Structure formats: structure tokens, C-alpha cells
Amino acid sequence: YQIRLAELYSCPHYEMFPESNEKNGECGYDRRQITSHLELLERLIQEAGKKSIEAGCLSRYRAAQLEMSGRYYIWRGDHRRGLREIHNMLRLIKGQTDDHVYQIRGYYQVIYCGIQRHGFRMINRFADKLIKLANETGQREVMGNALRFKGLAYALQKDTETAEHYYRQ
């Protein structure tokens, strides 16, 4: 339950615009509280691993914890550590389930980090992965977001014609 509650109410909400958090009081939590809560979740998952819990369920909890940690570190500006957590999550869940929620979240987080760092290649690469996943799963909203990210990637390159093409799609 700790993991599910943290997932529902985890901060930060404004990964793309960290400066908004300074004005909004970082959702009422300071960095020490968030870090200690993430460490608590990691300990709980390790303890759960020692008990007889189904491996699929345990990896889902671990994926949730990694996604929250990755989001937090990206939000804090520690992009390398945040991306490492997100990539660990993506490796963990690869092919384990038909539920692609964490895969989509992971791709979004990498793209958000790419936006913060003005990383055209990063945005483009993970937008392509989102497009492929959206086609496989038939998720129109994900497809719309992926095309928007592709347009943004080309806009960052100042290729407005291609950017507009993706925005129209």
C-alpha cells in the first residue's frame, strides 16, 4: 500500500518546469522527506523480495519505485541519475507484461528530460518508440503525444516545416 499511495501522490508534478516547484512550495514536501520516502519504498521492496511474493507483482512494485525515483532525480536536475533509474525500470519491465503503463511513463520521462536538456536526438528516439508502442497497442492518446513530441524535437532543430507536419498529424 505504501508504494501505491506514493505512486498516486508522488511529487514532483512539474518535472518539465522545475522552477514552478520553487514557487509552489514543492508540493509541501522538502527534498529530504521525498528522498527518505523513496529510500523507505526501496527497503520495503527488498523486504518483500525475501518473502514469498509473486515475481511479477514484485517487479511491478520495483518498476513503480524506479519510476518515482527517476522522476524525482530528473526534477531535481540530476538528469544522469534520473535517466539511469528510468532505464533500469524499462529494462526490468521489458516483455514482462501486456500492461504498457510503465513503459509509456518511462518513455515520457526520458522525453521530458530531453526537453529540459534540449536533446533533439533523445526526444526523437523515444518519440519513435512511443509511436511504435502506440501502434502496437492502439492507444490514440499516446500516439497524439508522441507526434507532438516529434514536432517539438524538430522545432528545437528549427525545422519548422517538419515540426508543423507532425503537429498537424
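Here the structure is a predicted model, which means the values were calculated and not measured.
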Under 4.0 Å between a side-chain nitrogen and a carboxylate oxygen: does that hold for Arg168 and Glu164?
yes

Does a donor on one side chain sit under 3.5 Å from an acceptor on the other, for Glu161 and His165?
no

Rounded to the nearest 0.5 Å, what separates atom CZ in Arg71 from atom SG in Cys113?
13.5 Å

Arg140 side chain near Val142 side chain, heavy-atom distance below 4.5 Å
no

Interatomic distance, CZ@Arg81 vs CD1@Ile86, rounded to 0.5 Å, equals 13.0 Å

Does Glu141 CD have over 12 foreign heavy atoms under 6.0 Å away?
no

Do you reckon Ile115 sits in the same ILVMFWY cluster as Tyr107, going by side-chain contacts under 4.5 Å, direct or chained?
yes

Between the side chains of Gln65 and Tyr61, is a donor N or O closer than 3.5 angstrom to an acceptor N or O?
no

What are the two closest non-hydrogen atoms of Ala155 and Ala163, and how far apart are they?
N-CB, 3.7 Å

Not counting sequence neighbours, which residues clear ring-ring contact (aromatic ring centres under 6.0 Å, His included) with Tyr166? List them please.
Tyr154

Only pairs under 3.5 Å count here: list side-chain donor-acceptor contacts from residues 122-135, not counting sequence neighbours, and write none if there are none.
residue : atom : partner : partner atom : Å
Asn124  : OD1  : Lys150  : NZ           : 2.6
Asp128  : OD1  : Lys150  : NZ           : 2.7
Asn135  : ND2  : Ile131  : O            : 3.4

Enter the distance from Tyr102:OH to Ile93:CD1 here, rounded to the nearest 0.5 Å.
9.0 Å

Pairwise distance NZ(Lys94) to CD(Gln103) - rounded to 0.5 angstrom
8.0 Å

How far apart are the C-alpha atoms of Glu85 and Glu67, what are their side-chain angles, what is the distance that settles it, and do they pass the side chain to side chain contact (heavy atoms under 4.5 Å, CB included) test?
CA-CA 7 Å; Glu85 296 285 293; Glu67 190 255 345; over 6 Å; no

Common cluster, Val110/Leu147, ILVMFWY with side-chain heavy-atom separation under 4.5 Å:
no

Atom pair CZ/CG of Arg148 and Leu152 - distance to nearest 0.5 Å
8.0 Å

Donor-acceptor check, side chain of Tyr72 to backbone of Gly82, threshold 3.5 angstrom: yes or no?
no

Closest non-hydrogen atom pair, Arg117 against Leu83:
NH1-CD1, 3.6 Å

Please check if Leu156 and Tyr167 belong to a single hydrophobic cluster, counting links between Ile, Leu, Val, Met, Phe, Trp and Tyr side chain heavy atoms closer than 4.5 Å.
yes

Euclidean distance, Arg80 CZ relative to Ile74 CD1, rounded to 0.5 Å
13.0 Å

